[in-house]
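See below for the structure under consideration.
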Amino acid sequence: MNFTIQKYLQTHIPNELISCIESLENQCEKGDFTAWSIANNKYAFSAFWIDECLISKNNFYELKNPIIHPYFDISSLTKPLFLNLYLRMKFKNDFIKIISTPLNDIFLPKNMIDENNVLIEFILNNENNLNLNSFLSHYSGAKNWFWMGIGKWQHRNTYFANDTEIYQTIIDNNDKNYSNIMKENLNKNCLKYFKNEQFSEFVYSDINYYILSRIIESFFMKESSWIEIINDINEKVKTKFYHASLTPNETKKSIPFYPYISAYKDNFIGDDLSSFGNVSDTNANILSLLPNNSNIVSGHSGCFGTVNDVKFATEELAYYQKNYLENLGYIHDKNVRFVYGLDTPSSKDSTCGIRNWPKDREYFYGHLGYSGTSLWFSTKSLPNMKNNHQIILTNRLASRVKFGVDNCPRIYSFTDYLTNSNMIFIKEKDSFEKISSQEFFDLNTQYFGMYKKIWNNNSIRVPPNINELRRDIGLKLWE
């Protein structure tokens with residue numbers, strides 16, 4: 001990071017954040033990601049190119065000093081911050097009792113959806129007495145992953161093929177039952193790969209959270225909808241999350257996850273291929289791009305949010321987790337990886353960044369996201385820590401070709417939660433200065449409309465391993 005910038009920031013930003021900013025910007029310069037956000041109890045900080053996202057002023061019309069941070073695809077952080085948090089908020093003190101009780105023993109009003117019938121009947125009649133925690137904590141026996149594009153195919157008997165394992169035709173885009181047919185196909189595939197003999201074995205699985213979504217539809221969504229559920233979370237936690245399957249157009253305004261080239265003051269190269277979708281997870285992307293508003297919600301991925309949203313939701317998760325563990329007198333078991341749907345540090349090299357390993361490992365819970373996101377919190381105040389939660393968001397799946405970047409301003413946004421204030425800085429060529437929120441909104445609108453995303457095959461790469469960076473930043477964010 002430029003020494004002049006560092007010097008300027010030191011007069012406005014707490015010193016404890018400067019080394020984090022320097023480390024993360026250095027990784028950006030190496031090409032590991034293009035944007036990032038971090039947060040703990042006291043502060044949040046983001047850095048991004050002004051053309052790579054659009055932050056709507058309408059979200060802050062009632063605020064004189066709005067807290068401005070970019071939206072990220074939070075990837076697998078969707079698991080704890082969407083379905084897990086929803087169930088905790090719904091059942092409150094009964095959460096542990098309900099998620100630990102076999103589903104076929106719970107007397108609940110059913111809103112049975114026809115296309116979910118076969119899947120739900122399998123779960124209710126399963127020999128292993130499956131419960132919600134079987135799926136939340138990845139012990140159900142479900143397959144870890146399968147490509148959900150297969151759901152677009154359906155079986156048709158013909159004179160040359162009547163094998164029920166063979167799918168000959170694609171669902172007609174104009175079929176009014178498109179979503180139901182695809183969901184039924186996906187549900188059958190969940191059952192096809194289900195392994196009862198692996199019940200109670202930990203197998204991290206996206207399919208668990210797809211199935212959880214179907215369970216919630218059939219048991220807990222009487223007279224409600226997915227959009228009402230996410231709106232309820234946002235209202236109660238004071239967040240502004242959205243899900244790609246519910247509001248797919250919003251994803252176009254978020255930090256890009258894939259290689260792209262800025263077209264600002266340069267000729268655009270290639271075609272606009274944004275129709276391929278804006279979700280980093282392949283399956284969540286497929287489910288958010290179905291024709292005729294027939295998108296399917298899955299709880300494994302697909303949520304978008306700012307570092308501010310993730311922080312507030314993490315605080316809510318921590319509140320519930322701490323109470324549940326204390327009320328139960330929970331005894332830590334180092335052989336149990338997920339506890340009530342939350343990950344635990346598995347080694348001293350965990351991205352959580354624990355100083356006192358293994359003594360303090362039992363107090364930390366969190367989750368990682370493939371796109372370069374993470375959240376961790378501690379259920380106990382420890383002497384070597386001033387903060388009890390930390391958030392890191394990056395887009396490590398993106399590689400920005402240095403094409404037009406020199407002409408594009410870089411934005412730095414700082415939030416002080418202790419004083420409820422926000423400052424925005426802009427780096428433009430050799431200048432670095434503080435700007436008002438109104439100036440930011442004007443510039444953001446101007447620049448965002450001048451860039452295009454493309455699939456740049458020359459830049460697609462294996463995502464960089466940023467675990468060492470996450471550990472280093474995590475250690476500093478606890479301080």
Side-chain angles (χ1 to χ4, degrees), residues 35-40 43-48 50 52-86 88-89 224-257 278-280 284 288 295 297 299 301-319 367 369 371 373-375 389 391-395 411 413-417 420-422 424 437-438 440-441 444-445 448:
W36 56 267
S37 293
I38 56 174
N40 58 18
Y43 311 116
F45 199 98
S46 296
F48 55 99
I50 198 169
E52 60 183 339
C53 65
L54 181 62
I55 301 176
S56 174
K57 182 181 179 181
N58 292 334
N59 289 342
F60 309 99
Y61 66 90
E62 76 284 8
L63 300 176
K64 292 182 179 179
N65 188 23
I67 293 176
I68 296 171
H69 294 283
Y71 271 85
F72 282 83
D73 174 352
I74 64 172
S75 191
S76 282
L77 298 193
T78 300
K79 293 180 176 75
L81 300 182
F82 183 28
L83 298 191
N84 193 321
L85 184 55
Y86 161 70
R88 290 172 187 239
M89 292 170 60
S224 66
S225 65
W226 283 115
I227 195 71
E228 288 174 316
I229 284 177
I230 202 161
N231 285 345
D232 190 45
I233 292 173
N234 283 335
E235 181 181 348
K236 291 179 179 176
V237 187
K238 304 199 181 316
T239 53
K240 294 180 180 179
F241 289 113
Y242 61 82
H243 194 287
S245 288
L246 299 173
T247 49
N249 287 333
E250 289 298 311
T251 64
K252 299 175 184 178
K253 303 173 186 177
S254 69
I255 293 292
F257 74 89
N278 301 285
V279 191
S280 65
S288 68
N295 292 342
V297 171
S301 188
C303 273
F304 286 68
T306 69
V307 71
N308 196 57
D309 298 324
V310 177
K311 170 189 165 61
F312 288 170
T314 298
E315 290 174 340
E316 195 78 3
L317 274 180
Y319 167 78
H367 213 287
S371 58
T373 59
S374 62
L375 69 86
H389 63 269
I391 318 295
I392 303 173
L393 306 179
T394 75
N395 62 334
I411 298 297
S413 179
F414 168 65
T415 300
D416 186 333
Y417 293 107
N420 195 29
S421 60
N422 198 82
I424 304 170
S437 58
Q438 184 60 55
F440 166 78
F441 288 128
N444 188 213
T445 302
F448 182 75

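All values derive from a computational prediction rather than experimental measurement. The figures here come from the full heavy-atom set of this structure, side chains too, leaving out hydrogens, waters and symmetry mates.
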Identify the heavy atoms of [X] and [Y] that sit nearest to each other, and give their distance.
X: Pro66; Y: Asn422; value: O-CB, 3.3 Å
X: Ile230; Y: Cys303; value: CD1-SG, 4.3 Å
X: His69; Y: Ala44; value: NE2-CB, 3.9 Å

Which residues pass the side-chain contact (heavy atoms from CB on, under 4.5 Å) test with Ala318, sequence neighbours left out?
-> Phe377

Among all residues two or more places apart in sequence or in another chain, which pass the side-chain contact (heavy atoms from CB on, under 4.5 Å) test with Asn295?
-> Ser245, Pro248, Leu290

Just by modelled atom types, is the Cys53 backbone N or O under 3.5 Å from a matching donor or acceptor in the Asn444 side chain?
-> yes

Residues two or more places apart in sequence or in another chain: which of them pass salt bridge (charged side-chain N to carboxylate O under 4.0 Å, His left out) with [X]?
X: Lys238; answer: none
X: Asp416; answer: none
X: Glu315; answer: Lys311

What's the verdict on side chain to side chain contact (heavy atoms under 4.5 Å, CB included) for Phe45 and Val307, showing C-alpha distance, side-chain angles and the deciding distance?
-> CA-CA 8 Å; Phe45 199 98; Val307 71; over 6 Å; no

If you round to the nearest 0.5 Å, how far is [atom2] of [Y] from [atom1] of [X]?
X: Glu250; Y: Phe241; atom1: CD; atom2: CZ; result: 14.5 Å
X: Ser46; Y: Leu393; atom1: OG; atom2: CG; result: 7.5 Å
X: Ile411; Y: Phe48; atom1: CD1; atom2: CZ; result: 5.5 Å
X: Asn84; Y: Leu77; atom1: CG; atom2: CG; result: 12.0 Å
X: Thr445; Y: Ile55; atom1: OG1; atom2: CD1; result: 10.0 Å
X: Lys236; Y: Glu316; atom1: NZ; atom2: CD; result: 9.5 Å

Would you please say whether a donor-acceptor pair under 3.5 Å links the side chains of Tyr242 and Asn249?
-> no

Counterpart residues, side chain to side chain donor-acceptor pair (under 3.5 Å), relative to [X] (two or more places apart):
X: Glu235; value: none
X: Asn231; value: none
X: Thr247; value: none
X: Asn234; value: Thr239

Phe304 and Asp309, any side-chain heavy atoms less than 4.5 Å apart = no

Side-chain contact, heavy-atom cut-off 4.5 Å: Lys240 with Asn308?
-> no

Who are the ring pair (Phe, Tyr, Trp, His ring centres under 6.0 Å) partners of Phe440, not counting sequence neighbours?
-> none

Which residues satisfy the ring pair (Phe, Tyr, Trp, His ring centres under 6.0 Å) test with Phe82, sequence neighbours excluded?
-> Trp226, His243

Return each pair, listed once, that meets salt bridge (Lys or Arg N to Asp or Glu O under 4.0 Å) where at least one residue sits in residues 71-83; pairs must be two or more places apart or across chains.
-> Lys79-Asp206

